[in-house]
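First the structure, in the form of structure tokens, and then the observations on it.
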Amino acid sequence: MELISGLRAFVATAQSGSFTRAGQQLGLSNRLVSKYVAALEERLGARLLQRTTRRLGLTPAGERLLARAPALLDGLDEMMTEVAEDGSGLNGVLRLSAPVSFGEAYVAPMLQRFMAANPALSVEVSLSDSYVDLAAEGVDLAFRVGEPRQGALKVRKLGTTEAVLVAAPSYLAQHGRPQQLQQLSEHSCLLDKNHEAADRWLLTCEGEEESVSVTGRYSINNAQVVRNFAVAGEGIGFSPRFVLGDDLSTGRLECVLPAYSSLEIPVSVVYLQGRVLPRKVRALIDFAVEDFGLYC
């Protein structure tokens, strides 16, 4: 057990870059994490970490161990979990993150469907539009909308979505319906700061890309709030379909220039490389892949 504890402490420290963050991830004090790593180094007869006043770095021996230890620990965890579960189903805690609007619109209801079939599971969800470091924050998997930064991450694509131009019937009745893309510059548009350029919209029509400069009274960093303002008749939004729900089918919103849409936006789930995924994590990923296909 001391060897396993040492390996867990080393991997968490190497991945997070800090004894303190490793302790937070493992539920241990930073002193105990440091003690476990020192005991592992003594047992191996090799220094694994370069300790300076500013940072921790890996020695060549540490790099070799880090290349293999996570898979070994994950395989051990998976074996112990499967023996403990004895085929009775999934249990334990899943930790995941997602962007705020996508988390509210899709991930939350998807999790309800998944958890209904797995009553022994618990889930911790963090919704944030900031980049989440999975290793440092102890997250099992993260949902990403847009091209994911791969780095030390593996990517499983769920599918794609797109953004479309929408407005409420009340707005169009009062201000008219644009007939050409460039006429959007004459309208009050709802600027979503999550777009790379909130005031310059890039769209495609029959395979041809076009852009238009837009202005508006509202500049917002949340797609759900953009949708809410559009429903309230405050302007034209450029909104991902996943936040619209049944707005288009019920008539709360109408498509503006329906021949235009954004380029395809990939939707993915990411997780750390070099890991044998626990069965519960694999099960959620597989469920999300199938569920997102039905959702879209």
Side-chain angles (χ1 to χ4, degrees), residues 11-27 30 54-56 70 93-112 114 122-163 190-202 216 218-229 237-244 262-275 277 281 284-285 288 292 295:
V11 169
T13 302
Q15 290 179 339
S16 67
S18 161
F19 288 124
T20 299
R21 287 195 292 270
Q24 293 170 345
Q25 181 177 328
L26 297 172
N30 60 349
R54 292 188 176 182
R55 63 185 294 273
L56 291 173
V93 180
L94 276 167
R95 298 175 177 86
L96 59 94
S97 74
V100 176
S101 295
F102 185 70
E104 293 173 342
Y106 172 71
V107 175
M110 180 275 294
L111 279 176
Q112 288 182 303
F114 177 73
S122 299
V123 63
E124 295 179 6
V125 184
S126 174
L127 299 184
S128 173
D129 289 327
S130 300
Y131 180 79
V132 175
D133 186 326
L134 275 65
E137 300 189 30
V139 175
D140 294 311
L141 70 159
F143 291 88
R144 299 276 161 86
V145 178
E147 291 294 342
R149 304 184 215 170
Q150 287 189 247
L153 300 176
K154 286 189 175 181
V155 178
R156 180 87 177 269
K157 188 175 179 179
L158 301 184
T160 60
T161 187
E162 63 180 5
L190 303 166
L191 310 184
D192 185 343
K193 294 195 290 184
N194 287 312
H195 288 285
E196 187 172 344
D199 60 354
R200 189 165 189 83
W201 292 352
L202 178 65
Y218 297 100
S219 182
I220 309 153
N221 69 345
N222 183 280
Q224 184 65 48
V225 177
V226 169
R227 173 264 173 199
N228 294 345
F229 276 109
F238 189 28
S239 298
R241 284 193 181 274
F242 62 76
V243 301
L244 299 178
S262 71
L263 300 175
E264 284 192 343
I265 304 168
V267 179
S268 311
V269 61
V270 299
Y271 52 95
L272 291 172
Q273 288 191 33
R275 299 189 62 183
L277 285 178
V281 179
L284 176 58
I285 293 173
F292 191 78
Y295 175 80

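All values below come from the heavy atoms of this structure, side chains included, with hydrogens, waters and symmetry mates left out. Positions are given from 1 along the sequence.
- Judged by distance alone, the side chain of D129 and the main-chain N or O of V100 form a donor-acceptor pair under 3.5 Å.
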- [ ] Might you work through the side chain to side chain contact (heavy atoms under 4.5 Å, CB included) test for V267 and T160, ending with a clear yes or no?
- [x] CA-CA 5 Å; V267 179; T160 60; 6.0 Å; no
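- The main-chain N or O of N221 is found under 3.5 Å from a side-chain atom of N194 such that the two form a donor-acceptor pair.
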Open item on the list: Set out, in order, the CA-CA distance, both residues' side-chain angles and the distance that settles side chain to side chain contact (heavy atoms under 4.5 Å, CB included) for V93 and D140, then state yes or no.
Closed with: CA-CA 10 Å; V93 180; D140 294 311; over 6 Å; no
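- Expressed to the nearest 0.5 Å, how far CD of E137 lies from OG of S16 amounts to 11.0 Å.
- In terms of heavy atoms, V107 sits closest to A98 at CG2-CB, 3.9 Å.
- Residues V123 and V125 come closest through the heavy atom pair CG2-CG2, 3.8 Å.
- Between F242 and Y106, a ring centre-to-centre spacing not shorter than 6.0 Å is recorded.
- Inter-residue side-chain proximity for Q224 and F229 is flagged as unmet; no heavy-atom pair is nearer than 4.5 Å.
- Atom CD of Q15 sits about 5.5 Å away from atom CG of L272, to the nearest 0.5 Å.
- Between A12 and L26, the shortest heavy-atom distance links the atoms CB-CD1, 3.8 Å.
- A search for side chain to side chain contact (heavy atoms under 4.5 Å, CB included) contacts involving A223 returns S101, D192, P240, V243, not counting sequence neighbours.
- Here CD of E162 is found 12.0 Å from OG of S239. Values are rounded to the nearest 0.5 Å.
- Residues F143 and M110 have side chains in contact (heavy-atom distance under 4.5 Å, counting atoms from C-beta outward).
- Contact record, Y271 with L134: CA-CD2, 3.7 Å, taken as the closest heavy-atom pair.
- Applying the salt bridge (Lys or Arg N to Asp or Glu O under 4.0 Å) rule to pairs touching residues 15-25 yields nothing, sequence neighbours excluded.
- For the atom pair I220 CD1 and K193 NZ, the distance stands at 9.0 Å (nearest 0.5 Å).
- Residue E124 holds its CD atom at 12.0 Å from OG of S97, rounded to the nearest 0.5 Å.
- Rounded to the nearest 0.5 Å, atoms OG (S262) and NE2 (H195) are 8.0 Å apart.
- When every heavy atom of S268 is checked against every heavy atom of K157, the shortest pair comes out as OG-CA, 4.0 Å.
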TODO: Give the intermediate values and the outcome of side chain to side chain contact (heavy atoms under 4.5 Å, CB included) for residues L284 and V269.
DONE: CA-CA 10 Å; L284 176 58; V269 61; over 6 Å; no
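- Residues L191 and A198 come closest through the heavy atom pair CD2-O, 3.5 Å.
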